[in-house]
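One structure below.
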Amino acid sequence: MAELFQMGKYGAYVWSSYGLAVIVMGYVVIKPVMDKKTLLKDLMMKYRRESHQRIESHQHIESQQNKNQEQESL
Amino acid sequence: MIKAIMAFLVKVFYQLASPKHFYRIAGKLIPWFGWFAAVLLIAGSIDGLFIAPVDYQQGDSYRIIFIHVPAAWMSMFIYMVMATSGAIALIWKIKLADVIASSSAPIGAAFTFLALVTGSIWGKPMWGAWWVWDARLTSELILLFLYLGYMALESAIEDPRAAARACAILAIVGVVNIPIIHYSVEWWNTLHQGATVSKMDKPSIHLSMLIPLLLMAVGFKLYYAAAVLSRARNKVLLTEQNRSWVKEVVELETGVKHG
């Protein structure tokens with residue numbers, strides 16, 4: 001069994017090649033998965049901020065309208 | 001009949017070219033490509049490492065071929081995909097083609113790097129040198145620089161449309177290098193061994209070695225398909241972030257709703 005992994009006298013060369021392939025190819029597929037997580041989080045925050053701003057500006061307009069109405073009634 | 005088929009194909013084409021449909025369809029395809037790639041690559045590696053016979057000249061060192069050659073094929077294949085989609089984007093103004101091109105660049109660079117380094121690791125015991133400045137190695141190194149140049153150019157130009165145009169032109173001009181890589185072993189004297197699989201008459205590689213090589217080659221192609229689609233999906237989300245469908249996707253995938 002150990003002989004099978006020894007690759008004659010070329011073990012270091014063969015295994016480092018396959019090991020490098022695993023590392024490089026692993027990185028290439030894991031990177032977009034990680035990127036997607038951050039992207040979803042960033043977009044979620046952005047949408048949350050925007051919806052808060054919308055509510056705030058809405059409230060702002062409402063309070064302005066109330067003020068106007070109060071002034072008119074005065 | 002033909003009209004109906006054409007209408008169907010046009011419909012499929014337009015659906016794929018629309019970012020929203022692309023995102024959905026790519027999401028369904030990625031697991032299929034990914035799992036088939038994993039099965040083929042594991043089977044090919046086991047076959048190549050343990051089952052394929054020892055080479056009578058190179059001993060076990062030749063087993064590097066099952067990574068090296070498919071990676072080198074991919075480095076050229078991905079470059080052609082990148083240049084072709086760049087050209088499609090230039091001619092027909094299809095934004096998605098630019099997305100595919102720019103998503104391909106880092107994957108192509110990774111395969112080129114892998115081909116160069118595994119070649120170097122194989123060259124040391126066989127040629128006695130990590131590196132020689134011969135035509136095949138030099139033109140493959142130029143390919144790596146083309147990929148890196150593409151990525152640098154993309155990040156250097158701020159306007160994304162101008163960047164995509166410049167990158168597409170760079171990719172198209174760089175296609176010149178592809179036949180040089182392929183024929184370099186015929187045109188110049190070289191240490192690098194000649195083609196063994198693509199020869200028209202009969203491949204000069206034994207079937208027991210050809211099978212793992214082809215398993216790895218097809219596995220790498222499917223792997224690239226999964227990788228490029230997942231990168232492209234991210235780019236689509238980023239560029240379309242102000243569209244309502246992206247908001248819906250983000251809400252669905254994070255489970256957080258906004259007013």
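Quick note on labels: first sequence line is chain A, next is B, and so on, each numbered from 1.
Within 6.0 Å of the CZ atom in B:Phe50, the count of heavy atoms belonging to other residues, nucleotides or ligands exceeds 12. Residue B:Trp131 places its CH2 atom among more than 12 non-hydrogen atoms of other residues, nucleotides or ligands, all under 6.0 Å distant. Residue B:Trp32 qualifies as open at atom CH2: its count of foreign heavy atoms under 6.0 Å is 12 or below.
The shortest distance between side-chain heavy atoms of B:Tyr223 and A:Val28 falls below 4.5 Å. Using a 4.5 Å cut-off on side-chain heavy atoms (C-beta onward), B:Leu49 and A:Met7 make contact. Put simply, the side chain of A:Tyr10 does not reach to within 4.5 Å of the side chain of B:Gln58, judged on heavy atoms. Considering only heavy atoms from C-beta on, B:Gln241 stays 4.5 Å or farther from A:Leu39 through its side chain.
Only the side chain of B:Met126 comes within contact range of chain A, with at least one heavy atom under 4.5 Å from a heavy atom of that chain. Both the backbone and the side chain of B:Val246 come within contact range of chain A, judged by heavy atoms closer than 4.5 Å. Using a 4.5 Å cut-off between heavy atoms, A:Lys37 makes no contact with chain B at all. In this structure, the portions of A:Leu40 lying under 4.5 Å from any heavy atom of chain B include both its backbone and its side chain.
Interatomic distance, B:Leu237 CG to A:Lys36 NZ, rounded to the nearest 0.5 Å: 5.5 Å. Distance NZ/B:Lys247 to CE/A:Met44: 13.0 Å, rounded to 0.5 Å.
For the 3.5 Å distance criterion, the side chains of B:Asn234 and A:Lys31 fail to qualify, holding no donor opposite an acceptor.
The greatest number of non-hydrogen atom pairs below 4.5 Å with chain B, out of A:Ala21, A:Ser17, A:Ala12, is found for A:Ser17. Among the candidates B:Ser61, B:Ala227, B:Ser230, the residue making the largest number of heavy-atom pairs closer than 4.5 Å to chain A is B:Ser61. Ranked by heavy-atom pairs under 4.5 Å with chain A, the list B:Thr118, B:Ile64, B:Leu238 is led by B:Ile64.
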Residue pair A:Lys46, B:Val250: steps toward the side chain to side chain contact (heavy atoms under 4.5 Å, CB included) verdict: CA-CA 11 Å; A:Lys46 178 184 132 94; B:Val250 172; over 6 Å; no
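Between the side chain of A:Tyr18 and the main chain of B:Arg63, a donor-acceptor pair closer than 3.5 Å is present.
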